[in-house]
Amino acid sequence: MNFQRKQFPFSEYEAVWQRRWVEEGAFRALNPGEPDFDATRQKFYILDMFPYPSGDGLHVGHVEGYTATDIVARAKRMQGFNVLHPMGWDAFGLPAEQYAIRTGRHPRETTNTNIAKFRSQLQSVGFSYDWTREISTTHPEYFRWTQWIFLRLYHSWFNPETRRAEPLTTYHGDDPDAVRLAYVAEVPVNWCPGLGTVLANEEVVDGKSEVGGFPVERRPLRQWMLRITAYADRLLEGLDALDWPEGVKLLQRNWIGRSEGASVRFSVVGQDAEIEVFTTRPDTLFGATYMVLAPEHPLVKKITTAGRRPEVEAYQQQAAARSDLERAELTKEKSGVFTGAHAINPVNGETIPIWIADYVLMGYGTGAIMAVPAHDERDFAFAQKFGLPIREVVAGDGAAGVDQAFVGNGRAVNSGFLDGLSTAEAQRAMITHLEATGAGRGMVTTKLRDWLFSRQRYWGEPFPIVWEGGRHRPLEETELPVVQPEMQDFQPTGTPEPPLSKALEWVRYSENARRETNTMPQWAGSCWYYLRFCDARCSSRFVGREAEHYWMGNRGVDLYVGGTEHAVLHLLYSRFWHKVLHDLGEVSSSEPFHKLVNQGMILGTDSHKMSKSRGNVVTPEHVITEFGADSLRLYEMFMGPLEQMKPWSMKGVEGVYRFLARVWRLAMRENAGGQWELSPALSNTPPTLPQQRVLHATIKKVTSDIEAMAFNTAISQLMICTNEFVNVEPRPLEALRVLLTLLSPMAPHICEELWSRLGAAHEGFPGHASTQPWPTFDPALLEVAEVELIVQVNGKLKDRIRAQRDADQEAVLDAAHASPKVREAIGTGQILKTIHVPNKLVNLVVRPTA
RNA sequence: GCCGGCGUGGCGGAAUUGGCAGACGCGCGCGACUCAAAAUCGCGUUCCCGCGAGGGAGUGUGGGUUCGAUCCCCUCCGCCGGCACCA
């Protein structure tokens, strides 16, 4: 293949069209208020998850989603929509900073170099982005508004009465810092010495940093937090109306992890202390035979008896030293120690022992549980190991086994006033009882934690905050953006003190005030970029009201395509910010992304994930040089369903390349001098009826397949259509008109080129292929007078018959019985039943004569 | 362990309100063109038996529902992803 001459001259025209598109602003989306803006057209906002511009550049896997959205964007334009299809850069992040640490090169430099490379790569694939809206999260004119949104969070609180974010002015309590959506807390964080930074829980995998794989340890530190937990219910409810993959919704639901139950207070015998527990099974309260506190629980120190103290403290130290990884590995084997203290069960006055154990987590619920070993597997395992009593309080269906916990629903037994009630009834009755006696109340918890929002890095958004006399104070909006100082030394300080703390002049804000030296996490910039795209150059607001209202409408981004790796975090954080901004009256829709599609991963030709170390990376440049951008685009889509994981194949690229060559030769031929000229077979004769049928069937299928994003079958249909006209003379120009229009969103360069060449010599090819109105099909042409039906005997195919479309059963059966093959299959058997599916089949159920 | 997704020719995949399994492409085989090759064009290509006509099997496994199952239900196996002591 390498030595062959090209089958069509893609290298001569692809770059030409790409340059024209950029220079002429061919795909510029107009905002309301701009000259030529057409308000009668519907809007369609189609967005890719914008990339982090890494030094490695894009490979063909990244291009898959972008190709899909580009096809939809191009098709929607032809279908008369105002299409917003932008691209930008999520360019803050660790790699640029680490590169700076190694080389001393400023992250801004490497970032700009990488952005230039990414942009040129994307342009070489011919994507129809509106480049006038290009943004980078690292640009001060962008991140001033990221900081502005942070200030809005800082100045707001979540009002539980209205279930909305409101300005702090509506808060009448005495401690605003306790309710702010952005607040400071001393929290145990994941400190990663290797990276010199604190990480979010989500960035820690198996006790190691997700980036770099360095060990991570827990230590308490003062951090900025965002109160996302206040929005747990809203984030959960909002999912219902979204057109997202159910799997992604489920991931988010599980991540939020809402569970309903009750909190119950147990008093500690002989001490002025109460332990509050959370349980989802208040109906089993009579079965609580001991309690467990997390080792880190603040009450442990207070209640532990003198005699037990050494053992308890030893256990606490051991638990603290254990990494999350080690804890996970030790799941099977329960451990714990007795504190020497006892608590009183508020429903029956029973005295039960209080233990500590690391199977109870400080971070969930109240960090303490009542243990009901008969009905909880973990409590059961623990009770067995330490010889604690097990008391059945829920009777299941079968015989009550003592060898394992029964966790299902049943009838309450040994439970006083609950006896005989079903689990659901008992739960309600118990909560009523607890609330009446003041011993507890109904309660909801979530797994979702508040969002740790500060990082000890240089290459991120600085906080618009200063510290004065130990207190934080927000900067005025007029002081934005807060730009990082120029620095030469990016080396981490080796302590949790961020690198910005080394820029002493910058840190010193005034005589008495010092700047916050943490920066925001990478998620910050990506939380709202889709809003900025609506009005990327607006200088008076984070997005102009009218532009936001038009493009975001009431359902937000119409189509959002990206990888599953963002199924939880990015999509949850964005939804959270969006809801806050919505509550504060800044954005129109209640959700940012109406429809979400996850593209599958593209594997290397060896069926492994593409990686530099494996050496199986295929770059777009490589494919474009050899087969052209259109072949690249087409193969990306022809491989299989967008959502699916699939391996790359260069032979497959050749297949679509040959198809494009056939399309080229439909219009062109090579003359004796080796020059391409218009094919003399082309003619203005109308297509024959069979040809028209193929053309209209193709219009129908390609239209619906693009709508369904089933690009592989759309391409397949275009191949069928093309094959229909290969070697046909005379070759109707109408066929090319339809074919090039339908193919244009997928392979825009070849279509544009052929369209202009045809237009130079023939009528009926005005303007550009990419600006033609989308063709419509004539249903009458697709209806046939005669259909073929299959005839089965006992469900087995025996023959095919022809019949008038919608012929009645009698006529069809007559024809079926006329078939010798069918007669033979029936033989002397008796026909018991006849099934006739109009236009499809006849099935005769026959009992053979025995 | 729990939750979710997926198992179809030599390969990527197509077909589901339950009705012709394998569209389209790759690969492979044969032929045309050519001095020859490449490219191109045509024909064939699920597997097994058969020279053939034809017959049989077949959508991960085993069962079920149905006139009829790749499609619906249950069992098991394999692969991928997520969560992982969440009370």
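In what follows, chains carry the letters A, B, and so on, assigned in the order in which the sequence lines appear, proteins first and then strands, with residues in each chain numbered from 1. Values below: every heavy atom of this structure, side chains too, minus hydrogens, waters and symmetry copies.
- Between A/Leu239 and A/Arg575 there is a side-chain heavy-atom pair separated by less than 4.5 Å.
- Under the side-chain contact (heavy atoms from CB on, under 4.5 Å) criterion, A/Ala68 pairs with A/Met637, A/Leu642, A/Met709, A/Phe711, not counting sequence neighbours.
- In B/G55 the base sits anti relative to the sugar, since the glycosidic angle is further than 90° from 0.
- A/His817 meets the side-chain contact (heavy atoms from CB on, under 4.5 Å) test with A/Leu813, A/Ile826, A/Ile831, A/Leu844; sequence neighbours excluded.
- Stem analysis of RNA chain B (Watson-Crick or G-U pairs, both distances under 3.5 Å, runs of at least three) returns B:1-7 with B:77-83, B:10-12 with B:24-26, B:27-32 with B:40-45, B:46-49 with B:54-57, B:62-64 with B:72-74.
- Across the protein-nucleic acid pair, A/Glu824 atom CD and B/A53 atom C1' stand 12 Å apart, rounded to whole Å.
- Here, B/C76 and B/G63 have their P atoms 15 Å apart, quoted to the whole Å.
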Under 3.5 Å, side-chain donor or acceptor atoms of residues 361-369 of chain A against the rest of the protein: list the pairs with distances, not counting sequence neighbours.
| residue | atom | partner | partner atom | Å |
| --- | --- | --- | --- | --- |
| A/Tyr364 | OH | A/Ser259 | OG | 2.9 |
| A/Tyr364 | OH | A/Thr445 | OG1 | 3.0 |
| A/Thr366 | OG1 | A/Glu276 | O | 2.6 |
| A/Thr366 | OG1 | A/Ala368 | O | 3.3 |

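- In this view, A/Glu677 and A/Arg669 satisfy the salt bridge (Lys or Arg N to Asp or Glu O under 4.0 Å) rule, not counting sequence neighbours.
- Residue-level contact check: A/Asn727 touches the backbone only, with heavy atoms under 4.0 Å from sugar-phosphate atoms and none from bases.
- One interatomic measurement links the two molecules: OH of A/Tyr359 to C1' of B/A84, which rounds to 17 Å at whole-angstrom precision.
- A salt bridge links A/Arg253 to A/Asp240: one of the charged nitrogens lies within less than 4.0 Å of a carboxylate oxygen.
- Proximity of A/Lys609 to the phosphate of B/G81: no side-chain N or O atom is located under 4.0 Å from OP1 or OP2.
- Between A/Tyr657 atom OH and B/G12 atom P the separation is 25 Å, expressed in whole Å.
- Distance check on atom C1': B/G64 versus B/C49 gives 32 Å, rounded to whole Å.
- Residues meeting the ring-ring contact (aromatic ring centres under 6.0 Å, His included) test with A/His696, sequence neighbours left out: none.
- One atom, CG of A/Leu666, and another, C1' of B/C41, lie 14 Å apart when rounded to the nearest Å.
- The gap from the P atom of B/C48 to that of B/A84 amounts to 49 Å, rounded to the nearest Å.
- Under the ring-ring contact (aromatic ring centres under 6.0 Å, His included) criterion, A/Phe638 pairs with no residue, sequence neighbours left out.
- Across all strands shown, A/Met370 has no heavy atoms under 4.0 Å from either base or sugar-phosphate atoms.
- By the side-chain contact (heavy atoms from CB on, under 4.5 Å) test, A/Asp705 is found to be paired with A/Lys701, A/Ala710, A/Thr713, A/Ala714, residues two or more places apart in sequence or in another chain being considered.
- The stretch residues 246-254 of chain A touches RNA chain B through A/Leu250, A/Leu251, each having a heavy atom under 4.0 angstrom from the strand.
- No donor-acceptor pair under 3.5 Å is formed between the side chain of A/Arg658 and the backbone N or O of A/Gly655.
- For the pair A/Phe386 and A/Tyr290, the minimum side-chain heavy-atom distance is 4.5 Å or more.
- One interatomic measurement links the two molecules: CD of A/Glu260 to P of B/A87, which rounds to 12 Å at whole-angstrom precision.
- The side-chain contact (heavy atoms from CB on, under 4.5 Å) check on A/Pro730 picks up A/Ser683, A/Thr685, with sequence neighbours excluded.
- For A/Gln644, no side-chain nitrogen or oxygen approaches OP1 or OP2 of B/C6 to under 4.0 Å.
- Comparing A/Pro647 and A/Ile369 along RNA chain B, the residue whose closest nucleotide (by nearest heavy atom) sits nearer the 5' end is A/Pro647.
- Per the geometry, CZ belonging to A/Phe659 stands 20 Å off P belonging to B/A39, to the nearest Å.
- B/A87 atom P lies 14 Å from atom NZ of A/Lys334, rounded to whole Å.
- Rounded to whole Å, the separation between the C1' atoms of B/C26 and B/A14 comes to 15 Å.
- Among the heavy atoms of the strands lying under 4.0 Å from A/Ser259 are primed sugar atoms or P, OP1, OP2 only; no base atom is included.
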> How does protein contact run along nucleotides 18-31 of chain B, one letter per nucleotide 5' to 3', with B for base contact, S for sugar-phosphate only, - for none, heavy atoms under 4.0 Å?
Replying inline: -BB--BBSSS----

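- A distance of about 25 Å separates the P atoms of B/C41 and B/C47, rounded to the whole Å.
- Taking atom C1' on both nucleotides, B/G9 is separated from B/A21 by 11 Å, rounded to a whole Å.
- Contacts classified as salt bridge (Lys or Arg N to Asp or Glu O under 4.0 Å) and involving residues 636-649 of chain A (residues at least two apart or in different chains) are given here: A/Glu64-A/Lys646.
- Closest to the A/Tyr364 side chain, of the nucleotides B/G13, B/A87, B/U40, is B/A87.
- Nucleotides B/A23 and B/G44, compared at atom P, are 12 Å apart to the nearest Å.
- Ion pairing between a basic and an acidic side chain is recognised when a charged N comes within 4.0 Å of a carboxylate O; A/Glu824 and A/Lys821 show no such pairing.
- For A/Met645 and B/G13, the CE to C1' distance is 16 Å, given to the nearest whole Å.
- A close approach under 4.0 Å does occur between a side-chain nitrogen or oxygen of A/Arg665 and OP1 or OP2 of B/C41.
- Toward the 5' end of RNA chain B, the nearer of the two residues A/Val845 and A/Tyr635, judged by each one's closest nucleotide, is A/Tyr635.
- Of the C1' atoms belonging to B/G13 and B/G62, the separation is 27 Å, rounded to the nearest Å.
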